[in-house]
Student: 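The structure's right below; bear with me while I get my questions together.
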Amino acid sequence: MIDLLKEAQELFEYTQSLRRDFHKHPELGFQEVRTAGKVAKELNALGLEVSTGIAETGVVALIEGSQPGPVVLLRFDMDALPIEEETGADYASLNAGVMHACGHDGHTAIGLTAARLLHKHSEDFSGIIKLVFQPAEEGMGGAERMVAEGVLENPRPDYSLGLHLWNEFPLGRIGVTPGPAMAGADTFRIVITGTGGHGAAPNLSVDPVLAASQVVVTLQSIVSRNVDPIESSVLSVTTIRGGEAFNVIPEEVELMGTIRSYKPEIRDLVLERFYSIVKGVSESMGCEVDVSTQHLTPPVVNDEHISRKVQAVVETMFPDGELDVTSRTMGSEDMSYLMDDIPGCYIFVGSNNPEKGLDAGHHNPHFDFDEGALPRGAALITAAALDLMKN
Ligand SMILES: [Zn+2]
Ligand SMILES: [Zn+2]
């Protein structure tokens, strides 16, 4: 019986040094040149067939088992965020204004560790592992571009697996939820145009600040009054920009934000109400409005059967651990572009540790995680892949 957790723990120094190296040298989406170079070098060192330059900086490698069998895609994202790091860690970012504040440095290190484990055991499985190291997950469309560039062909995967180190969970907890696990995301931009003028003579202006304020407030009625309270949806206005001086009514105000939902029919409803309110409210106040939305990602929906199998793997590997079967988030993940076509499961690997001060949230300048989660993630995704190969 192979003890993958023990094997992954024996590789801890390898995994940790990779993670800290990636952390020191974070790169934004589609610019992961150094990271991808290191990934390719590690995979080449295993003697694998490696393809680079997919969607700019994506890397794909195949590990073939001893016999033909299912193809299992494992996906790891590599990009960092435009955030100035404030952790003070001795492996903190050396690139000003760029930081691995989501844990993708850990995902990349986990992927390379899983590659080592799977390569070592390639005589023991039937099928093919397709390792996908993806650029630009953070709202830049890396997964969609990899799909467009053929990542789901030659060979076409039968199953897909992905994971996220998760600082909303303590180290030790693993989240595997059948069905919807992460929301689909849309973004919006609204420009409300009025007629500028003197702040003391509003009667001679058409005030876009007041119209924008009404729009922000009225948009909040969609989730609270139109969406079925049993369903989930979010609408957040996240920027509001307009005006320069206390005595000038500006010409225009710009608003931006995001809409999240799990189901297509809820998304359709929210978008329909969104356009109607933005146009209706703005125009009723005498303003002109220009509004656009962009569909960022579909929801991540875990396949029922695969999720049950992964849950069983978790329970075997971590008998004293905490399997969470209800973890869902309104956060989004472009892994959904792969999972839309290839049934799969997306796993949350608990990684916070308040005792060590490692509990800041994702995308926070103080974000860091307990590296004890790295071997757990590597062992788990390896074991789940091997389990899927048995079918
Ligand atoms: Zn993120
Ligand atoms: Zn992330």
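Note that ligands are numbered from 1 as they come in the structure, with each ligand's atoms numbered from 1 the same way.
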Student: Rounded to the nearest 0.5 Å, how far does CG of Asn353 lie from CG of Asn167?
Tutor: 9.5 Å
Student: Step through the shown structure and confirm whether more than 12 heavy atoms of other residues, nucleotides or ligands are within 6.0 Å of CZ on Arg241.
Tutor: no
Student: The Zn ion (ligand 1) is nearest to which N, O or S atom of His363?
Tutor: NE2
Student: Sort and list the pairs that fulfil ring pair (Phe, Tyr, Trp, His ring centres under 6.0 Å) and have at least one residue in residues 251-281, not counting sequence neighbours.
Tutor: Phe188-Phe274
Student: What I want to check is whether the side chains of Asp324 and Thr326 have a donor and an acceptor closer together than 3.5 Å.
Tutor: yes
Student: Please answer: with hydrophobic residues joined when any side-chain heavy atoms are less than 4.5 Å apart, are Ile129 and Val313 in the same cluster?
Tutor: yes
Student: Where is the tightest heavy-atom contact between Pro208 and Gly194, given as atom of each residue plus distance?
Tutor: CB-N, 4.0 Å
Student: Sum up the protein N, O or S atoms located under 2.8 Å from the Zn ion (ligand 2).
Tutor: 3
